[in-house]
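Here the structure is laid out as C-alpha cells; the discussion comes afterwards.
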Protein chains: 2
Amino acid sequence: MRLTTKGRYAVTAMLDLALHAERGPISLADISKRQEISLSYLEQLFSRLRQSGLVSSVRGPGGGYRLARPGAEICVAEIIDAVNESVDATSCGGNSDCSAGEQCLTHYLWTDLSHQIHGFLNGISLADMVARAEVQEVARRQDGRSAALGDNIEQKVAIIGGLQ
Amino acid sequence: MRLTTKGRYAVTAMLDLALHAERGPISLADISKRQEISLSYLEQLFSRLRQSGLVSSVRGPGGGYRLARPGAEICVAEIIDAVNESVDATSCGGNSDCSAGEQCLTHYLWTDLSHQIHGFLNGISLADMVARAEVQEVARRQDGRSAALGDNIEQKVAIIGGLQ
DNA sequence: TATATAGCCGAGCGTTCTGGTCGGGTATTT
DNA sequence: AAATACCCGACCAGAACGCTCGGCTATATA
C-alpha cells in the first residue's frame, strides 16, 4: 500500500476541477497555479485520469479538462486507483499466496485493513468534498489569490483598458 | 503514508514472538525459518523494535527476543510506527502547512483517513491476533513444517540416536 | 578456558518509485 | 499564421526498500 503526493495531487486536482466545473474546461495551467503542482507532472497524472475515463479533454485555446461524470459519481478511491497507487494493504494482492504459496500469518489483518480503507475512500465522492465548508473556504482563498496574481481574464482586460 | 513488506514483516515477527512466548526467548534464526524473512533484515527490524521498547533481548546461546510487555498491551499501530512506517496519510504530518504554509484543499480528507487507519490498527493487539482461529491454524502449519525440516532439537536427537 | 551461539552494528548495493524537467509533437481557436 | 493547450516520450536525482556481507560483543556450555 502506498499513499504519497501522487495520489494526493490527483485528488486535489480532480477536486479543483469539480469546484470550477461551471466555468467550462479547466486548463492544467490554472490548476498548476492554484494548487502549486508542477504543470508537467499534472500532465502525467491527467494522462492516467483520462485513460481511466475519469476526465475528458478539450484541445486548443480555451480547452482543458472536464469531469467525465458528475462529481457525485466519482469517488476518491477511483482517483487514487487511476494514478496507480494501490490502496490494497496485502502483499499478495488478496491472492493468499503471501508466504511460499500459502497464506502468511498476518494475511487476514491486511485484508481487513484494506477493506477498511477502501470502504472509507469509496464512500467519499467529489461532490461530498465540494459540499464541505472547509473545502469551500480554502477554495475561496485560492480563487482570490490567483485573481490577484492576474489569473482572471476579466480583471486583466479591465487593467489593460485602464492603462490606455 | 506507506505500508510495505517492512511493516508487515515487523508485525508478522512480533506475532511469531507472541505465539511462541511460552518457549522463552525466541531467536531470530527461528523466526527467519518459520516466516521466511531474511535473518539480516530481521536484525535491522528488531534493532528498531528494541529501541522502541517493544521487545527485550537475551544474548548468548539459548538467547533471543521476548515481548517487553504482554501481547494484550502491544497494538499493531505501535509496531508499524516502530519500524518507521508512518500510517499518517497527510503530507504535512497534521501541521496544516501542506500548501505554501496553508492548508491544502484536501487536507481534511487525509486527516480523516489517518484517523480511520490509526483507529483500526490501534484497536488490534497481538493478543487479539493470537486468539484468531485463522492465525492459530497457520501457526500450527508453520510449526509442523519447521519441525519436519529439523528445527526441533528433541527430534534431531531422536533421529541421531536412531542412526547409531 | 575454548568454542559455539546469537544478539549487535555499519557499510554497501540493486531495484523501484517519486516527483520533476525538457523537448518536441498535434489539435483547435482566433 | 499564431497562440493556446493537450499529448507524449525520454531522462534525471533522490529516497526508500529489501537484502547481503563482514565483523563485533556478550554469554552459555563443554
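Each chain gets a letter, A, B and so on, in the order the sequences are listed, and its residues count up from 1.
- With A:Asp81 contributing its side chain and A:Glu78 its backbone, the two residues share no donor-acceptor pair below 3.5 Å.
- Relative to the side chain of A:Ser38, the nucleotides C:dT21, D:dC7, D:dC19 differ in distance, and C:dT21 lies closest.
- For the pair B:Leu39 CG and D:dG18 P, the computed distance is 17 Å after rounding to whole Å.
- Distance CZ (B:Arg8) to P (D:dC17): 12 Å, rounded to an integer number of Å.
- One finds a side-chain N or O of B:Ser57 lying less than 4.0 angstrom from the OP1 or OP2 phosphate oxygen of C:dC8.
- OP1 or OP2 of C:dG19 lies within a sub-4.0 Å distance of a side-chain N or O belonging to A:Thr4.
- A donor-acceptor distance shorter than 3.5 angstrom exists from the side chain of B:Ser52 to the backbone of B:Arg48, with no hydrogens or angles considered.
- For the pair A:Arg50 and D:dC8, the criterion of a side-chain N or O lying under 4.0 Å from OP1 or OP2 is met.
- To the nearest angstrom, P of D:dC17 lies 10 Å from CZ of A:Arg2.
- The CG atom of A:Leu42 sits 14 Å away from the P atom of D:dA5 (whole-angstrom rounding).
- Between the P atom of C:dG19 and the CZ atom of A:Arg48 lies a distance of 12 Å, rounded to the nearest Å.
- Between the side chains of B:Gln142 and B:Gln35, at least one donor N or O sits under 3.5 Å from an acceptor N or O.
- Look at CG on B:Leu3: it is 16 Å from P on D:dA16, rounded to the nearest Å.
- Regarding B:Lys6, its NZ atom lies at a distance of 12 Å from the C1' atom of D:dA15, rounded to whole Å.
- Among residues at least two apart or in separate chains, there is no ring pair (Phe, Tyr, Trp, His ring centres under 6.0 Å) pair with a member in residues 19-40 of chain A.
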Considering only distance and modelled atom types, tabulate donor-acceptor pairs under 3.5 Å from the side chains of residues 37-46 of chain A, sequence neighbours left out.
unit_1: A:Ser38; atom_1: OG; unit_2: A:Ser40; atom_2: N; d: 3.4
unit_1: A:Ser38; atom_1: OG; unit_2: A:Tyr41; atom_2: N; d: 3.1

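- Smallest separation of non-hydrogen atoms from A:Glu73 and A:Arg69: O-NH1, 2.9 Å.
- No contact: B:Phe46 has no heavy atom under 4.0 Å from any strand.
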Are there any protein N/O atoms within less than 3.5 Å of an N/O atom in nucleotides 22-28 of chain C, and if so, which ones and at what distance?
unit_1: C:dG25; atom_1: N2; unit_2: A:Arg59; atom_2: NH2; d: 3.4
unit_1: C:dT26; atom_1: O2; unit_2: A:Arg59; atom_2: NH2; d: 2.6

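- Remark on DNA chain C: of its neighbouring residues B:Gly63 and A:Tyr41, the 5'-side contact belongs to B:Gly63, judged by nearest-heavy-atom nucleotide.
- Note on B:Tyr9: every side-chain N or O is 4.0 Å or more away from OP1 and OP2 of D:dC17.
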Trace of the side-chain hydrogen bond (donor to acceptor under 3.5 Å, both in side chains) decision for A:Trp110 with A:Thr106 = CA-CA 7 Å; A:Trp110 311 122; A:Thr106 46; 3.0 Å; yes

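- As rounded to whole Å, 9 Å separates atom P of C:dG20 from atom CD1 of A:Ile37.
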